[in-house]
Structure formats: C-alpha cells, structure tokens
Amino acid sequence: MTARLAAAAPVSDRSAASAASGDRPRVGALLRDWRRRRRLSQLELALRAGSSARHLSCVETGRARPSRAMVLRLADHLDVPLRERNGLLLAAGYAPAYRESALDDEVLRSVRDALDMMLTAHLPYPAVVVDRGWNVVAGNPAMGVLLDGTPPELLAPPANVARLALHPEGLAARCTNLPEVRDHFLERLQRQAEATGDPELRALHEEVSAYALPEAAPAPAHGAAEPRPMEAVVPLRFRSPHGELALFSTMAVIGAPNDVTLSELAIELFFPLDDHTAEVLRTLDAPAAAAT
C-alpha cells in the first residue's frame, strides 16, 4: 500500500494452532461460551437458529455432534468473528469455511486499492488502517501530526494504536483531555475484547490500562478558565507546535467480508473539530500537495 506506515505483524492462526493441538476444545463447550457471552438462553438461540433447545443442549454437552451447516448457522446468530467460526468448525471436525489471505495477496488487490484511495482522498486529515489487535497496517502522511515526538520504539513495527495513544511517552503526553480520551479508549477496547473473546485483546487492554499517567500538562495557550460544555463527540485534543488541535474520528469496516483478514480490518478517519484545526492541517498539507 503506498500510504503504508508499517507492516503489521502477521496474525497467528489461532484456529489452526488450536486444531493442531491435542487438547482441542469441544465445539459444544465453545458454542456454550459464545452463547453466554451474547447473554442468550438456549431457547432464545435455538429459536433464532431454527432448532430446539433440547438439541442445542445436547450439542453443548457433547451428546450430539452438530452438522457443518448447524455450526455455521449458530455462529452467524451468535455474531462470531470469522476467525473463531473457523475454530468452531475445526473443533467440530470440519474444514474451515473462511480463507485467511495475506494483505498483499493478489486476491485482495481491489481492497488494497480501495484502502489506498480512502487514505489519500482523506488528506489533509489523518487516517489509519488497523487490524483486529489495533496494529497499524497503513496510514496517510497526515498521521504525522498525531505521531510528532513519539519515541522510535513505539513506532517500530508492529506499531499499535492503543500504545501510541495511551503510552505516557506517546500521544498521551500531549493530550489535553487525556482522562476523557483514555476512559473512552479503554472502554472501547474492553468491549471489543469481551465481544471477540480474543486473549490478545484482553492482554492489550491490561497492558495499556496499567500505563502510568504522564505528568500533568499545562493548559493550552488559548484555553478558557471555565470548563467546556459537553460536546457531541469525545474529541481528541492535543498540543502541537501550531497550538492546540482538536479532532474526532469515525470507524469504517469492510462490508460483507468473506476473508478472515478483511473481516479484521478497520479504517479510522479523523476530522477537524474546529476551524483552527482544519486550517492547520490544510497548511501542513500544502507543500505536499504542491509537489504532486
């Protein structure tokens, strides 16, 4: 990808590793864990999947082996991520249903082109593509305004957005509303870890939650003495050589993915919250735009 910041580390195929191990979990126990994670009763899930609570109970206890179609149907109604759907199939004795391509595979070329187009078209505003573990896959040059002053060790592949944002030597050191941003990010990360059951995400949440807070930052030069009123979005406010900047972001994912890699990608697009930030970003982008 032409806007690549750093290649993300390959995501280990946890499903395949589990399948190769001698202590592979039973599909019934895995389905029960997913059902409980989604806070559904056996009857509720059975009705949604067109089955019976009795049959589902037999599946969960291992007294009945679900068909391949049944595993996929239950996984669909439980909103199980594609990687874990493959794991369920392997645990039931079936082949995986979803391929896992490398991002540079030819089959994903159209998606790479689309992501590159989104990153470039979003200039002069920052944008970044991340994988399921919040590792940076690609970003546009405007991300430099967020990464300015970040230690090289935090930028080394695989750079991780959670670490870049919350590490006391990262963006957190310049963030003027850090408690608000930190609480929002940690809550989002915890929800994602609970929804996916991913141990790597849980470990990441524990790691960044334990980071020490940076020393109290001075108030921005133009900051008002009175607290700001509650805003429509949680902004990201940070100091820069051009004064305090303020951004908010949106997240987009690939629609209807049929590949594990694509299902785990997301693109975060940052937008200016005020005219000053918009003008600064346009000014910073002007030399690059003139050179093209």
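What you see is a predicted model; the values in this text were computed from it and never measured.
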For this session: Could you check Phe271 against Leu247 for side chain to side chain contact (heavy atoms under 4.5 Å, CB included), going step by step and ending with a plain yes or no?
Result: CA-CA 5 Å; Phe271 295 87; Leu247 300 169; over 6 Å; no
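- Put simply, the residue from Leu74, Leu78, Val260, Val80 that forms a side chain to side chain contact (heavy atoms under 4.5 Å, CB included) with Arg85 is Val80.
- In terms of hydrophobic clustering, with Ile, Leu, Val, Met, Phe, Trp and Tyr side chains grouped at heavy-atom distances under 4.5 Å, Leu236 and Leu284 are assigned to a common cluster.
- Here the rule is side chain to side chain contact (heavy atoms under 4.5 Å, CB included) with Tyr98, and of Thr261, Asp259, Asn258 only Asn258 fits it.
- Remark: Arg38 CZ is packed, more than 12 non-hydrogen atoms of other residues, nucleotides or ligands lying under 6.0 Å away.
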Problem set entry | Residue pair Arg132, Arg83: steps toward the side chain to side chain contact (heavy atoms under 4.5 Å, CB included) verdict | CA-CA 11 Å; Arg132 170 163 145 170; Arg83 181 179 297 279; 4.2 Å; yes
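- Looking at residues two or more places apart in sequence or on another chain, you find no ring-ring contact (aromatic ring centres under 6.0 Å, His included) involving Tyr94.
- By the 6.0 Å contact criterion, CZ on Arg54 is open, its count of non-hydrogen atoms from other residues, nucleotides or ligands being 12 or less.
- Salt bridge Glu44/Arg48: absent, no basic N to carboxylate O contact under 4.0 Å.
- Salt-bridge check for Arg191 with Glu194: failed, with every basic side-chain N at 4.0 Å or more from each acidic carboxylate O.
- Note: Trp134 and Phe185 have tilted aromatic rings, judged against thresholds of 30 and 60 degrees for the angle between ring planes.
- His167 pairs by the ring-ring contact (aromatic ring centres under 6.0 Å, His included) definition with Tyr211, not counting sequence neighbours.
- Contact of the His55 side chain with the Glu60 side chain is not registered, since no non-hydrogen atoms from C-beta on lie closer than 4.5 Å.
- Thr120 places no side-chain N or O within donor-acceptor distance of the main-chain N or O of Met117, the cut-off being under 3.5 Å.
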For this session: Assess whether side-chain hydrogen bond (donor to acceptor under 3.5 Å, both in side chains) is satisfied between Thr176 and Glu244, documenting all intermediate values.
Result: CA-CA 8 Å; Thr176 60; Glu244 184 187 78; 2.8 Å; yes
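- Aromatic pair His122/Phe270: centroids not less than 6.0 angstrom apart.
- For the atom pair Asn140 CG and Asp116 CG, the distance stands at 10.5 Å (nearest 0.5 Å).
- Between Asn160 and Val130, every side-chain heavy-atom pair lies at or beyond the 4.5 Å cut-off.
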